[in-house]
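Structure, as structure tokens:
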Amino acid sequence: MTQNTRILFMAGSTRTGSFNAQLAEAAARTAEKRGDIDVTRVNLSHYNIPIYNGDLEQEKGIPQDVRDLRQLFASHHGFCIASPEYNSTLSPLLVNALHWISRPDGDVPGLVAFRGKVAGLVAASPGALGGLRGLVPLRMMLGNIGVQVIPSQLAIVKAADAFNGNGEFRDAEWQKKLDGVIDELARTAGAIGKAEG
């Protein structure tokens with residue numbers, strides 16, 4: 001029996017009505033419709049993750065919620081991140097979570113949740129670039145910690161008008177482009193999973 005590819009979907013925003021949360025959910029639904037992907041949704045608001053501080057880490061160790069999130073990342077072949085753009089870079093929420101997850105923890109080596117994984121990046125913004133500038137540093141950061149980031153990505157412009165009341169795209173062209181990102185992510189993550197399996 002062939003094992004499904006396991007992909008985690010999350011947004012770098014927990015704001016009520018977040019465009020990137022809507023995009024992450026649209027990506028997760030797209031993946032589920034394929035039938036060959038096991039989808040896990042992650043909402044960062046469900047994890048109590050303090051601002052990273054080396055003194056805090058030394059005194060109290062890695063928070064349990066960080067360990068839980070790290071295990072989720074480690075147990076998947078890849079992940080899809082819907083990343084908001086804050087001043088042309090990542091959101092503090094997202095970068096803080098990624099920094100914590102990357103830390104070594106006793107016998108668990110650093111970057112265990114990232115090395116050998118595959119990521120697909122998407123973004124949504126009310127602006128004319130769709131959060132594209134924020135994906136550049138995210139792509140660089142993930143690549144530097146051992147993640148293979150697929151070339152395809154998606155930046156939804158004028159996001160306030162992109163989704164209907166059901167969280168679906170008003171313009172079918174956006175869904176077509178998202179299909180392409182998920183196809184490449186599934187294909188790449190699946191190939192790496194089989195090679196390691």
Side-chain angles (χ1 to χ4, degrees), residues 7-33 37 39-49 51 65 69 72-73 76 78-102 113-114 117-143 145 147 149-186 189:
I7 298 179
L8 180 153
F9 292 79
M10 63 179 277
S13 172
T14 57
R15 179 182 65 81
T16 300
S18 162
F19 301 127
N20 284 281
Q22 291 180 69
L23 180 53
E25 176 57 27
R29 288 197 307 265
T30 298
E32 284 176 329
K33 289 177 182 177
I37 297 175
V39 169
T40 300
R41 293 168 171 84
V42 167
N43 185 333
L44 289 176
S45 69
H46 297 164
Y47 296 85
N48 182 18
I49 303 178
I51 297 296
D65 276 12
L69 191 55
L72 265 182
F73 271 72
H76 286 71
F79 36 90
C80 179
I81 300 176
S83 177
E85 178 187 319
Y86 284 42
N87 297 322
S88 302
T89 191
L90 290 67
S91 70
L93 175 74
L94 177 59
V95 74
N96 185 60
L98 295 176
H99 284 330
W100 267 115
I101 295 168
S102 73
F114 298 113
K117 307 298 181 181
V118 180
L121 306 182
V122 295
S125 168
L129 295 178
L132 182 64
R133 292 173 300 182
L135 296 183
V136 175
L138 178 56
R139 177 177 292 274
M140 181 177 66
M141 176 186 178
L142 291 172
I145 58 177
V147 178
V149 185
I150 62 171
S152 297
Q153 61 184 24
L154 176 62
I156 305 291
V157 303
K158 300 179 180 177
D161 300 319
F163 301 95
N164 64 23
N166 296 322
E168 299 168 338
F169 292 114
R170 298 182 189 277
D171 186 342
E173 193 62 28
W174 286 129
Q175 183 60 56
K176 183 178 178 181
K177 291 179 179 179
L178 182 58
D179 289 343
V181 173
I182 299 303
D183 284 346
E184 185 175 349
L185 176 58

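Quick note: residue numbers are just sequence positions, from 1. Because only heavy atoms are used, hydrogens play no part in the values below, and waters and symmetry mates are left out as well, while side chains stay in.
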message: Holding to ring-ring contact (aromatic ring centres under 6.0 Å, His included), I want the full list of residues that pass it with F79, two or more places apart in sequence or in another chain.
response: F73
message: Within the 4.5 Å heavy-atom criterion, are K117 and H76 side-chain neighbours or not?
response: no
task: Go through E173 and K177 one step at a time and tell me if the salt bridge (Lys or Arg N to Asp or Glu O under 4.0 Å) criterion holds.
output: CA-CA 6 Å; E173 193 62 28; K177 291 179 179 179; 5.1 Å; no
- prompt: Are any non-hydrogen side-chain atoms of L44 and L69 less than 4.5 angstrom apart?
  reply: yes
- request: Hey, could you give me the OG/CG distance between S13 and L93, rounded to the nearest 0.5 Å?
  value: 7.5 Å
statement: Closest heavy-atom pair, N96 versus I49, reported as atoms and distance to 0.1 Å, is ND2-CG2, 3.6 Å
field: Side-chain heavy-atom pair P84, S91 within 4.5 angstrom cut-off
entry: yes
message: By the side-chain hydrogen bond (donor to acceptor under 3.5 Å, both in side chains) test, which pairs, at least two apart or in different chains, include something from residues 151-162?
response: R139-Q153, S152-E184
message: Counting only heavy atoms not in N164 (residues, nucleotides, ligands), do more than 12 fall under 6.0 Å from its CG?
response: yes
- prompt: So do the side chains of L138 and L98 get within less than 4.5 Å of each other, counting heavy atoms only?
  reply: yes
field: N43 side chain to S45 side chain, donor-acceptor N/O pair below 3.5 angstrom
entry: yes
message: Could you tell me if the side chain of R29 sits less than 4.5 Å from the side chain of E168, heavy atoms only?
response: yes
Over all atoms of both residues, closest heavy-atom pair of S83 and L94: OG-CD2, 3.6 Å
